[in-house]
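Take a look at the structure set out below.
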Amino acid sequence: MRTTRMLLGGLLALSLAACTGGTSPSPSEDPSVAPSVAPSTEPSPMASQAAEPLALSVAFDGETCTYTGPWVVPDGTLAEFSYTADAPTEPSILVVMAALPGATWEQILRDAETRPGSEMPDYISQLAFVSVESGDSALFTIRSALREQQFAGYLVGCATAPADEGGSDRMFPAAFIEAGSA
C-alpha cells in the first residue's frame, strides 16, 4: 500500500526507516562477575528527554516521487518528513494525507493519472494532512484515528502547482504508510 496529496497554500496536493535500535551491552569478560549498579535518586536522563522523531524523506526529480522510510509506522509515532525537489522547472510540494478506510493503492495510482491534482478524492480525510516545500521538513504524528475518524493509512506524494500558477497540476504517488501497533 502507498501514496497522495492536496491543495494547500496555493500549491496542490492530492490522492500521500528508520527503526531505531539500542546497542547491546558488551559481554562481561568474566561471565561470573555481574556488573553492579549503585542506586541513585537522580532522575534518568532518558525519562526527561522526548523521543527523537522518526526521520522520513521524500525526493522529487520532476517525474518520480521517491519515499524513504518504513511502510508501517507504529501508531502515535512523531515523524519528521523532509522534502527535496530537484525539479526547478515548476513548483512542487510534498503532501502527506490521511486516507479513509477503503482507499487502495490501485485507486490512488488511477486517480493520479486521471484526476487533476487540485481535485480532492472522497477517500481523503480533511482532519490529518501536512504539506512541505522543497528544502523544508515538518513534524507530523502518524495516528490510526483522530476525532473518532479511522484512517486506512497515509498517502505520501509529490504534487505540482496548478496550471494557473505555472505548474502541471499533477500528483506523483510515492507511498501508502500504515499506522501499525506500537
Notebook entry, point to check: Cluster question for you: counting only ILVMFWY and a side-chain heavy-atom cut-off of under 4.5 Å, with indirect links fine, are L94 and W71 together?
Noted result: yes
Residue set satisfying side-chain hydrogen bond (donor to acceptor under 3.5 Å, both in side chains) with Y83, at least two apart, ordered chain then number -> S92
Run the side chain to side chain contact (heavy atoms under 4.5 Å, CB included) test on S82 and V132 for me, step by step, so that the C-alpha distance in whole Å, both residues' side-chain angles and the decisive distance to 0.1 Å come before the verdict.
CA-CA 7 Å; S82 61; V132 182; over 6 Å; no
Looking only at heavy atoms, the pair that brings R115 and M120 closest together is NH1-O, 3.4 Å
Closest non-hydrogen contact found for E80 with S137 is OE2-OG, 2.9 Å
In this structure, CZ of F172 is separated from OG1 of T66 (nearest 0.5 Å) by 11.5 Å
- Query: Does some side-chain heavy atom of E165 sit less than 4.5 Å from a side-chain heavy atom of P91?
  - Reply: no
Could you please spell out the steps behind the side chain to side chain contact (heavy atoms under 4.5 Å, CB included) verdict for D111 and Y123? CA-CA 11 Å; D111 280 354; Y123 53 82; 2.7 Å; yes
task: Check whether V73 and L146 end up in the same hydrophobic cluster, where Ile, Leu, Val, Met, Phe, Trp and Tyr are linked by side-chain heavy atoms less than 4.5 Å apart.
output: yes
The reported gap from CG in L127 to CG in L100 (rounded to nearest 0.5 angstrom) is 8.5 Å
Output for pair (L78 CG, T141 OG1), nearest 0.5 Å, gives 5.0 Å
Rounding to 0.5 Å, atoms CE (M97) and CD1 (I108) come to a distance of 11.0 Å
Correct closest heavy-atom pair for P162 and D169 would be CA-CB, 3.8 Å
task = Taking the side chain as every heavy atom from C-beta outward, state whether E133 and D136 have any pair of such atoms under 4.5 Å apart.
result = yes
Checklist line | Parallel, tilted or perpendicular: rings of F140 and F81 (30°, 60°) | finding: perpendicular
* Short side-chain donor-acceptor distance under 3.5 Å, S144 and Q150 -> no
Closest non-hydrogen contact found for A85 with S134 is N-OG, 2.9 Å
Correct closest heavy-atom pair for A152 and E178 would be O-CG, 4.4 Å
One should read off an interatomic distance between I177 CD1 and I142 CD1, to the nearest 0.5 angstrom, of 5.0 Å
Heavy-atom closest pair (L56 atom, P70 atom, distance to 0.1 Å) is CD2-CD, 3.4 Å
